[in-house]
S.K.: 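Sending over a structure as structure tokens; questions will come in a sec.
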Amino acid sequence: MKKYALTSYDPVELDLPKPQVPASLVDAQIEKLLEPLAEYHEIAEERGVAMGDHVVVTTVDARLDGNPASNFVLEHSLYHVGGGEMPRTFDEELVGMAPGETKDAEAKIKLPLAKDGDASRLTMQVTVEKILSCRTPELTDAFVAEHFEPATTVAEFREGVAKQFGLPDMAKNDAQFPDLVLDELAKRLVEDPDPADLLPGQPLDALRITCAIDALADHLDIELSDADITAQMPGNDAEQREKIRQQLEDQGLGDEARVFARREAALSWLVNNSRVSYK
């Protein structure tokens, strides 16, 4: 394969458009932000608690796997059933309870560091004191300016809420990161690849990436020892990488193994020194 050059050998700095936040997610967050500003009235009809209700509840002796759990203690507290403040299984315990009713409730909760399938046992005595109707204030520009500065319009308020869900810079161990920086590196080729360098069935875009990473490896003057070459072989552990390297040597593909390892080393440098952020 002929030698190629790049317009720049600097690490890639790639800015991507900020991913769009679903409107439904923004709506749900705004609903939570409006709840403290809503008007609540005790309902007159006699019925049990339903999912989605707002209730006043008190919990006593909250325990997690038998140990005191102060985070789950509620005292005459306004609570939105199904609003995600407590485990869903706790909300299901409230459904059907009448105002003034007390019961021993039990719920399952998955703790942050628990293994998949493992759940802790949350127990407490819970009393439903009232079931409330909720009247959420109308969201207008004037209301936003009064309660949610520095936003002065509904549009500004929604934009600010959406930013809360913005993604951080893409991590370098993200599966997409190498492909993004390689695509950007390939745009720096000074000349188009020679079609004669195409392998059977290889797309032209893939050849451009190969030429670009080879040009970067040449610029970095990458030289690898036998141990370095083996370390760059695909595989889950050292034994598997050694086995693959030996198979290539046995098949007379030692030179191909060296070329592959050199490209992988150049890619590692590119990934470690480049960045992708959102604008």
Side-chain angles (χ1 to χ4, degrees), residues 1-22 25 162-163 165-279:
M1 179 180 290
K2 63 179 292 187
K3 299 289 186 179
Y4 294 90
L6 302 177
T7 57
S8 171
Y9 298 91
D10 293 335
V12 169
E13 296 188 7
L14 185 63
D15 290 322
L16 300 178
K18 183 73 75 174
Q20 294 298 306
V21 178
L25 190 61
K163 286 181 179 179
F165 301 95
L167 297 177
D169 289 0
M170 182 180 292
K172 294 183 177 182
N173 60 356
D174 189 289
Q176 298 181 59
F177 192 91
D179 290 337
L180 287 173
V181 293
L182 280 172
D183 287 343
E184 192 66 19
L185 185 74
K187 296 176 184 178
R188 299 178 180 179
L189 275 178
V190 173
E191 56 183 315
D192 290 332
D194 187 341
D197 289 331
L198 278 170
L199 298 175
Q202 184 184 31
L204 183 59
D205 287 346
L207 177 59
R208 290 187 64 86
I209 290 173
T210 298
C211 296
I213 201 67
D214 281 349
L216 179 62
D218 289 340
H219 175 78
L220 296 174
D221 196 22
I222 292 177
E223 297 292 340
L224 302 176
S225 66
D226 279 348
D228 293 333
I229 294 171
T230 301
Q232 293 292 349
M233 294 293 104
N236 297 324
D237 52 44
E239 182 179 354
Q240 190 174 21
R241 289 189 285 271
E242 178 68 38
K243 183 177 180 181
I244 291 174
R245 169 78 187 283
Q246 189 59 52
Q247 287 175 343
L248 292 173
E249 294 289 347
D250 293 344
Q251 296 169 17
L253 299 175
D255 290 341
E256 285 79 355
R258 290 171 177 79
V259 170
F260 172 84
R262 193 166 183 265
R263 288 170 179 166
E264 287 296 299
L267 177 57
S268 294
W269 181 92
L270 184 66
V271 166
N272 289 333
N273 290 280
S274 298
R275 69 168 183 84
V276 174
S277 59
Y278 297 109
K279 59 184 178 180

S.K.: Is there any salt bridge (charged side-chain N to carboxylate O under 4.0 Å, His left out) pair reaching into residues 186-196, and which pairs are they, with sequence neighbours excluded?
M.R.: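 For residues 186-196, and leaving out neighbouring residues, the salt bridge (charged side-chain N to carboxylate O under 4.0 Å, His left out) pairs sorted by first residue read K2-E191, E184-K187, D192-R208.
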
S.K.: Show every salt bridge (charged side-chain N to carboxylate O under 4.0 Å, His left out) that has at least one partner inside residues 223-235, sequence neighbours left out.
M.R.: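 For residues 223-235: D226-R245.
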
S.K.: If I compare all heavy atoms of A186 with all of A212, which pair ends up nearest, and what's the gap?
M.R.: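 What the structure gives for the nearest pair is CA-CB, 3.8 Å.
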
S.K.: Any side-chain heavy atom of L189 within less than 4.5 Å of one from L6?
M.R.: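 In contact.
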
S.K.: Would you say Y4 and D214 make side-chain contact, with heavy atoms under 4.5 Å?
M.R.: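 Sidechains of D214 and Y4: no contact.
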
S.K.: Let me confirm one number: the CD1-CD distance from I229 to E264, rounded to the nearest 0.5 Å.
M.R.: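 Between atom CD1 of I229 and atom CD of E264 there are 13.0 Å.
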
S.K.: Quick check: do D218 and K3 have side-chain heavy atoms less than 4.5 Å from each other?
M.R.: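 They are in side-chain contact.
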
S.K.: Search all heavy atoms of L248 against all heavy atoms of A257 and return the closest pair with its distance.
M.R.: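 Between these two residues, the closest heavy atoms are CD1-CB, 3.8 Å.
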
S.K.: Considering non-hydrogen atoms only, spot the tightest contact between P234 and I244 and give its length.
M.R.: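 Shortest heavy-atom contact: O-CD1, 2.9 Å.
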
S.K.: Using every non-hydrogen atom in the two residues, find where L25 and V21 come nearest and quote the distance to one decimal.
M.R.: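 Where L25 meets V21 most closely, the heavy atoms are CD2-CG1, 3.8 Å.
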
S.K.: Indicate the atoms forming the closest heavy-atom contact of D15 with R275, along with that distance.
M.R.: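 Closest approach of D15 to R275, heavy atoms only: OD1-NH1, 3.6 Å.
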
S.K.: Could you grab the distance from atom CD of Q232 to atom CZ of R263, nearest 0.5 Å is fine?
M.R.: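 Answer rounded to 0.5 Å: 13.0 Å.
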
S.K.: With side chains defined as the heavy atoms from C-beta onward, is the minimum distance between Q202 and T210 less than 4.5 Å?
M.R.: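 Yes, at least one pair of side-chain atoms sits under 4.5 Å.
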
S.K.: Is there a side-chain contact between E256 and V259 (heavy atoms, below 4.5 Å)?
M.R.: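 E256 vs V259: side chains apart.
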
S.K.: How many angstroms lie between CZ in R258 and CG in L224, if you round to the nearest 0.5 Å?
M.R.: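 So the CZ of R258 and the CG of L224 are separated by 10.0 Å.
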
S.K.: Roughly how far, to the nearest 0.5 Å, is the SG atom of C211 from the CG atom of L216?
M.R.: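 The SG atom of C211 is 13.0 Å from CG of L216, to the nearest 0.5 Å.
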
S.K.: If you count heavy atoms of other groups shown closer than 6.0 angstrom to CG of D250, is the number above 12?
M.R.: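 Yes, enclosed.
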
S.K.: Could you tell me the separation between the CG atom of D10 and the CG atom of L270, rounded to the nearest 0.5 Å?
M.R.: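 Output value for this atom pair is 11.0 Å.
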
S.K.: For W269 and Y9, which heavy atoms make the closest approach, and how far apart are they?
M.R.: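 It is CH2-O, 3.7 Å.
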
S.K.: Looking at CG of D183 and CD1 of I209, how far apart are the two atoms once the value is rounded to the nearest 0.5 Å?
M.R.: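 Answer rounded to 0.5 Å: 4.5 Å.
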
